[in-house]
Q: 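Just dropping this structure here.
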Amino acid sequence: DTDVEHIDLEFLNIYDEATGIDGKVAFNIYLLDKNSFAINSVIHELNLSLSDTLYQMPPAELSFETTDYTTDFSLKSPFANFSFVADDDLRSVINSFVDLPAYYLDESPGDSVQFNIPGFSIAGQIELPHTSVSSFFPGLPEFAELHVNGAYDKNHDLLNFDFSAPGIRHKDISIDSLILSLSGSSTELEYKSQISFFLKDIIDGDMFFNGKFEGSELITNLRYFDTYSDQYLNITAQIQKEEENILVHLFPEMFILSYDNWEINPHNQFIISPNSFTLNHVDLRSNGQQISLSSFTTENTHNIEVNIRAFDLYGMEQFFSLDTLVAGELNADFKLMDINNEPSIKGNLFVDSLYFQDFDVGKLTLSKFSFQDNIAHAQIALTGHSGDIRISGSYDNNQPNSMDLSLDIAHLDLSELNYMLAEYIKDARGNLNGKITVEGDFKNPLVNGALSFQDAGTEIKFLQSYYSL
């Protein structure tokens with residue numbers, strides 16, 4: 001029996017605010033070896049106190065025991081009722097679930113990977129107030145409820161498992177519902193999953209996974225629907241294991257990407273090996289749009305080349321639930337080099353007729369960009385009837401004070417800012433040109449240059465005054 005008069009979590013560097021614990025706890029521990037031990041505890045009273053708030057944890061009973069032949073866990077309290085019983089020690093139980101994907105994908109099940117799931121049963125639910133989680137464990141996701149139920153009947157070779165957790169929140173991510181279901185046997189396994197999630201001001205939609213392991217292969221499907229229930233993504237893949245390689249094939253039927261139906265080469269194949277990654281015939285086409293991925297080797301390095309033609313950015317704007325209209329036609333050619341050891345990238349990217357909030361930005365060019373050995377190089381140009389702006393330079397992350405950027409504004413029509421900055425200014429006019437260099441590091445950059453204004457002026461709404469330059 002233990003009386004906890006006071007534990008100062010701030011003093012112990014466990015929590016960064018004045019936080020204390022007091023209460024009454026009874027427990028006993030039995031230890032025989034790494035596979036045989038038991039812990040039993042009764043929490044009679046436990047209080048968690050912040051500087052201005054006191055949280056009283058209700059009484060709870062916790063019991064855990066594992067031996068070479070069994071594992072037994074239970075938790076009982078007004079907010080939780082959870083039990084798990086298995087016919088094996090804890091270490092073996094965990095490893096048996098970790099090995100499941102390898103077992104079902106093995107070419108000769110039973111030879112190299114065994115089906116070692118012990119007989120088990122699991123059932124329970126936990127209800128946790130959001131306030132307690134956010135106050136004492138701010139780095140962890142919050143959830144309102146958690147439900148789990150499942151079992152494996154070895155006599156009839158039947159496996160079932162259901163999990164649901166509505167109301168999960170973590171920073172800007174909210175998940176209205178998270179559902180996972182497994183059912184099958186030692187010869188086949190089906191799974192279904194649904195996630196309804198929201199990422200603040202970016203994504204709001206429903207994602208569905210379902211698939212089936214059978215005959216040393218997995219057929220799996222991924223679908224995503226946006227906030228308007230329009231289907232943005234639909235991909236079905238076949239995954240097989242061949243010796244040390246994992247083979248992935250995308251089915252061409254009903255292949256949907258960025259709301260469009262795409263044709264994909266029926267001979268496409270992804271080969272994932274212990275020391276390489278190979279792409280064969282990965283070519284997608286839709287209404288003039290094209291995406292091609294291919295692999296090549298140079299000097300014992302494995303590389304990927306990506307070519308994109310006329311990809312419509314409007315679908316991306318819908319996918320990310322942006323309030324601002326983004327449109328344009330993307331073309332790109334770049335290479336991912338040495339992807340297994342020291343990845344690097346180099347290439348070119350162009351966006352023709354780039355629109356932002358109905359504003360004709362012009363043509364965006366990202367040329368000669370590269371990132372290798374922590375050194376970045378790029379040349380960026382934004383050209384159109386309203387302006388001609390170019391940025392070039394490099395940054396070496398290995399060296400201090402290595403930023404070297406130059407900004408060249410050939411001309412910029414300031415009247416075009418009226419729409420983009422309508423919340424802050426109005427009646428902007430005139431032209432701007434100039435050159436600026438930026439050197440040093442990001443924290444303390446050294447900026448030099450000159451800007452010239454011609455017949456320029458604007459009204460600052462906050463100040464309700466018009467300024468001329």
Side-chain angles (χ1 to χ4, degrees), residues 96-110 112-113 115 117 148 150 152 157-165 168 175 177-197 203 205-226 229-274 276-284 286 291 293 295 304 315 319 339:
S96 67
F97 284 102
V98 172
D99 291 338
L100 269 183
Y103 166 79
Y104 284 110
L105 286 176
D106 197 76
E107 296 174 273
S108 303
S112 58
V113 183
F115 185 84
I117 298 293
V148 62
Y152 176 58
D157 191 21
L158 293 176
L159 174 64
N160 292 282
F161 180 81
D162 295 295
F163 172 88
S164 65
I168 299 176
I175 299 178
S177 64
L178 171 60
I179 301 172
L180 172 64
S181 176
L182 300 173
S183 62
S185 65
S186 61
T187 58
E188 65 180 39
L189 181 69
E190 295 186 26
Y191 70 90
K192 297 178 181 179
S193 179
Q194 176 183 347
I195 305 174
S196 299
F197 63 98
I203 298 176
D206 298 295
M207 187 170 291
F208 299 86
F209 296 89
N210 63 76
K212 183 177 183 179
F213 290 93
E214 187 177 17
S216 72
E217 73 174 19
L218 166 64
I219 304 296
T220 186
N221 174 258
L222 165 63
R223 293 173 294 151
Y224 174 78
F225 295 83
D226 66 15
S229 298
D230 293 327
Q231 187 167 216
Y232 178 87
L233 187 68
N234 187 351
I235 298 176
T236 302
Q238 176 191 52
I239 302 175
Q240 294 177 298
K241 186 173 182 292
E242 188 175 278
E243 296 180 351
E244 295 296 319
N245 301 325
I246 300 294
L247 310 181
V248 181
H249 170 72
L250 302 180
F251 287 98
E253 297 82 8
M254 289 298 294
F255 188 97
I256 297 176
L257 173 64
S258 189
Y259 302 101
D260 295 328
N261 288 287
W262 289 69
E263 296 178 1
I264 183 169
N265 191 317
H267 303 293
N268 73 84
Q269 188 179 57
F270 302 74
I271 304 176
I272 305 171
S273 303
S276 65
F277 184 79
T278 305
L279 304 175
N280 296 324
H281 311 295
V282 184
D283 301 302
L284 297 86
S286 175
I291 300 176
L293 300 94
S295 55
I304 296 176
F319 172 71
I339 59 176

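The figures here come from the full heavy-atom set of this structure, side chains too, leaving out hydrogens, waters and symmetry mates.
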Q: For Ser216 and Tyr104, what are the C-alpha separation, side-chain angles and deciding distance, and is it a side-chain contact (heavy atoms from CB on, under 4.5 Å)?
A: CA-CA 5 Å; Ser216 72; Tyr104 284 110; over 6 Å; no
Q: What's the spacing between Leu218 CG and Gln240 CD if we round to 0.5 Å?
A: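 Reported to 0.5 Å precision, the distance equals 10.0 Å.
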Q: For Asn268, is there any backbone N or O sitting under 3.5 Å from a side-chain donor or acceptor partner on His249?
A: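 Between the backbone of Asn268 and the side chain of His249 there is a qualifying donor-acceptor contact (under 3.5 Å).
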Q: Does Trp262 reach the main-chain N or O of Leu257 with its side chain, forming a donor-acceptor pair under 3.5 Å?
A: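 Yes; judged by distance alone, with no hydrogens or angles, the pair exists.
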Q: Evaluate Leu178 against Phe163 for side-chain contact (heavy atoms from CB on, under 4.5 Å), listing each step before the verdict.
A: CA-CA 8 Å; Leu178 171 60; Phe163 172 88; 4.0 Å; yes
Q: According to the interplanar angle, ranging from 0 to 90°, do the rings of Phe115 and Tyr103 count as parallel (below 30°), tilted (30 to 60°) or perpendicular (above 60°)?
A: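 Answer is tilted, since the angle falls between 30° and 60°.
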Q: For the backbone of Asn261 and the side chain of Ser286, can you confirm whether one donor and one acceptor N or O come within less than 3.5 Å of each other?
A: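 Answer holds: yes.
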Q: If we only count heavy atoms from C-beta on, is the Leu189 to Ser183 side-chain gap below 4.5 Å?
A: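 No - every pair of side-chain heavy atoms lies 4.5 Å or more apart.
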Q: Looking at every heavy atom in both Asn210 and Arg223, which two are closest together, and how far apart are they?
A: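 Scanning both residues, the minimum pair turns out to be ND2-NH2, 4.0 Å.
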Q: For the residue pair Asp162 and Ser181, confirm or rule out a side-chain donor-acceptor distance under 3.5 Å.
A: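 There is such a pair between these side chains.
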Q: Please find the pair of heavy atoms, one from Ser273 and one from Asn245, that lie closest to each other, and give the distance.
A: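 The answer is OG-OD1, 2.7 Å.
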Q: Would you give the length of the straight line joining atom CG of Leu159 to atom OG of Ser186, rounded to the nearest 0.5 angstrom?
A: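 If we round to the nearest 0.5 Å, Leu159:CG and Ser186:OG are 10.0 Å apart.
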Q: Got a sec, which residues hit ring pair (Phe, Tyr, Trp, His ring centres under 6.0 Å) with Phe97, two or more places apart in sequence or on another chain?
A: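 By the ring pair (Phe, Tyr, Trp, His ring centres under 6.0 Å) rule, Phe97 matches Phe120.
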Q: Output all residues satisfying ring pair (Phe, Tyr, Trp, His ring centres under 6.0 Å) with Phe277, sequence neighbours left out; order by chain, then residue number.
A: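 For Phe277 there are no ring pair (Phe, Tyr, Trp, His ring centres under 6.0 Å) partners, ignoring immediate neighbours.
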Q: Got a second to check how far Asn280's CG is from Leu293's CG, nearest 0.5 Å?
A: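 Those atoms lie 11.5 Å apart.
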Q: Looking at every non-hydrogen atom in both residues, tell me the closest pair between Gln231 and Tyr259 and how far apart they are.
A: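 Heavy atoms only, the tightest pair is O-CD2, 3.5 Å.
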Q: Check the pair Asn221, Thr236 against side-chain hydrogen bond (donor to acceptor under 3.5 Å, both in side chains), reporting the backbone distance first and the verdict last.
A: CA-CA 4 Å; Asn221 174 258; Thr236 302; 2.8 Å; yes
Q: Rounded to the nearest 0.5 Å, what's the gap from CG on Leu250 to CG on Asn265? Could you check?
A: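 Taking CG in Leu250 and CG in Asn265, the distance rounds to 11.0 Å.
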Q: Less than 4.5 Å apart, any side-chain heavy atom of Lys212 and any of Glu188?
A: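 Yes, their side chains come closer than 4.5 Å.
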Q: Is there any salt bridge (Lys or Arg N to Asp or Glu O under 4.0 Å) pair reaching into residues 247-264, and which pairs are they, with sequence neighbours excluded?
A: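 Qualifying pairs: none.
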Q: Using side-chain hydrogen bond (donor to acceptor under 3.5 Å, both in side chains) as the criterion, list what pairs up with Ser164, not counting sequence neighbours.
A: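 For Ser164, no residue satisfies side-chain hydrogen bond (donor to acceptor under 3.5 Å, both in side chains) once neighbours in sequence are set aside.
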Q: Distance check, rounded to the nearest 0.5 Å: Ile239 atom CD1 versus Phe213 atom CZ?
A: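 If we round to the nearest 0.5 Å, Ile239:CD1 and Phe213:CZ are 7.5 Å apart.
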Q: Can any side-chain N or O of Ser193 pair as donor or acceptor with the backbone N or O of Ile179 at less than 3.5 Å?
A: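 Indeed, once roles are kept as given, a pair shorter than 3.5 Å links the two residues.
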Q: Can you see whether Asp157 engages Tyr152 through a side-chain donor-acceptor pair at a distance of less than 3.5 angstrom?
A: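 Present: a donor and an acceptor within the cut-off.
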Q: How would you list, by chain and number, every residue that makes a salt bridge (charged side-chain N to carboxylate O under 4.0 Å, His left out) with Glu217, sequence neighbours excluded?
A: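 None.
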Q: Give a yes or no on whether the backbone of Ser177 and the side-chain of Ser196 come within a donor-acceptor separation of less than 3.5 Å.
A: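 Pair absent, no side-chain N/O of Ser196 close to backbone of Ser177.
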Q: Among residues at least two apart in sequence or on other chains, which ones pass ring pair (Phe, Tyr, Trp, His ring centres under 6.0 Å) with Phe270?
A: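 For Phe270 there are no ring pair (Phe, Tyr, Trp, His ring centres under 6.0 Å) partners, ignoring immediate neighbours.
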Q: Ignoring hydrogens, what is the shortest heavy-atom contact between Pro101 and Val98? Give both atom names and the distance.
A: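 Heavy atoms of Pro101 and Val98 come nearest at CD-O, 3.5 Å.
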Q: Between CG of Leu233 and CE of Met207, what distance do you get to the nearest 0.5 Å?
A: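 Answer rounded to 0.5 Å: 7.0 Å.
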Q: How about Ile168 and Phe197: do any of their side-chain heavy atoms sit closer than 4.5 Å?
A: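 Side chain of Ile168 against side chain of Phe197, heavy atoms only: no contact under 4.5 Å found.
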